[in-house]
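These figures come from a predicted structure and were not determined experimentally.
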Amino acid sequence: MSKTPKKSDGRSRAKSEKPIVPSQTDFDFVLGLIDAARTRAVAAVNTTLMELYWRIGEYISQKTAEEGWGQGTVEALAEKIQRRYPGMIGYSARNLWRMTQFFETYRNQPILSPLVTELSWTHNLLIMSRCKRDEEREFY
């Protein structure tokens, strides 16, 4: 019985050939792919977080208007969130009111409301605190 020769997969090299040394550009290309993916991931997380803050603000705004929610109720909600998610930050009563302000500031501005999710929470807070008129917010 004769043996059939193994097929070459193109990876083996003769001992006399030098191995191919990748260039820095080769590595930089892969690092660039990683950086681009990380940037997209951060942007997606930020957009999701802004949408969450919008929906929380919308809910609190509706409950305030319909059922008279006030400071005590929002503080109780903040405490409930803290008990459910210990160690999670960003859901204090003060920040819940800011989420409500965020929603109420942009809800009637169809041009701005989708764009504000592109900004970070900190940038949105700065714009809301420094710009009192709609025209000023549109500038940013």
Open item on the list: Quick check against the 3.5 Å criterion: does Thr47 have a side-chain atom that pairs as donor or acceptor with the backbone of Ala44?
Closed with: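 No, Thr47 side chain to Ala44 backbone: no donor-acceptor pair under 3.5 Å.
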Task: Main-chain N/O of Leu125 paired to Ser129 side chain as donor or acceptor, under 3.5 Å - done: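 Here the side-chain-to-backbone pair exists.
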- [ ] Tell me whether Leu119 is reachable from Val42 by hopping between hydrophobic residues (I, L, V, M, F, W, Y) whose side-chain heavy atoms are closer than 4.5 Å.
- [x]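 No, it is not one cluster - the side chains of Val42 and Leu119 are not joined through contacts under 4.5 Å.
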Open item on the list: When you group the ILVMFWY residues by side-chain heavy-atom contacts below 4.5 Å and let the links chain together, are Leu49 and Ile60 in the same group?
Closed with: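 Looking at the clustering, Leu49 is in the same group as Ile60.
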Donor-acceptor contacts under 3.5 Å from residues 85-92 side chains, at least two apart:
unit_1, atom_1, unit_2, atom_2, d
Ser92, OG, Asn95, N, 3.1

Just how far is it from atom [atom1] of [X] to atom [atom2] of [Y], taken to the nearest 0.5 Å?
X	Y	atom1	atom2	answer
Leu96	Leu77	CG	CG	5.5 Å
Thr117	Leu52	OG1	CG	12.5 Å
Ile56	Ile81	CD1	CD1	6.0 Å
Arg38	Leu31	CZ	CG	11.0 Å

Open item on the list: My understanding is that only one of Trp121, Trp97, Phe103 makes a ring-ring contact (aromatic ring centres under 6.0 Å, His included) with Tyr53; could you say which?
Closed with: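 Result for ring-ring contact (aromatic ring centres under 6.0 Å, His included) with Tyr53: Trp121.
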- [ ] Name all residues meeting the side chain to side chain donor-acceptor pair (under 3.5 Å) criterion together with Asp28; count only those two or more places apart in sequence or in a different chain, and write none if there are none.
- [x]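 By the side chain to side chain donor-acceptor pair (under 3.5 Å) rule, Asp28 matches Gln24.
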- [ ] Please name all residues satisfying side chain to side chain donor-acceptor pair (under 3.5 Å) with Ser120, sequence neighbours left out, ordered by chain then number.
- [x]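 Residues passing side chain to side chain donor-acceptor pair (under 3.5 Å) with Ser120: His123.
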Task: All pairs passing salt bridge (Lys or Arg N to Asp or Glu O under 4.0 Å) where residues 101-119 contributes a residue, at least two apart - done: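 Passing the test, one end in residues 101-119: no pairs.
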- [ ] Write out all pairs satisfying salt bridge (Lys or Arg N to Asp or Glu O under 4.0 Å) with one or both partners inside residues 47-74, taking only residues at least two apart or from two chains.
- [x]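 Checked against salt bridge (Lys or Arg N to Asp or Glu O under 4.0 Å) - neighbours excluded - the pairs reaching residues 47-74 are Lys63-Glu67.
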Task: Any pair counted as ring pair (Phe, Tyr, Trp, His ring centres under 6.0 Å), so long as it reaches residues 60-82, sequence neighbours left out - done: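 As it turns out, the ring pair (Phe, Tyr, Trp, His ring centres under 6.0 Å) pairs with a partner in residues 60-82, which skip direct neighbours, are Tyr59-Trp69.
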Open item on the list: Determine whether the aromatic ring centres of residues Trp54 and Tyr106 are separated by less than 6.0 angstrom.
Closed with: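 Tyr106 vs Trp54: aromatic centres not under 6.0 Å.
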Task: Where Arg98 and Met128 come nearest, the two heavy atoms and their spacing - done: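 What the structure gives for the nearest pair is O-CE, 4.2 Å.
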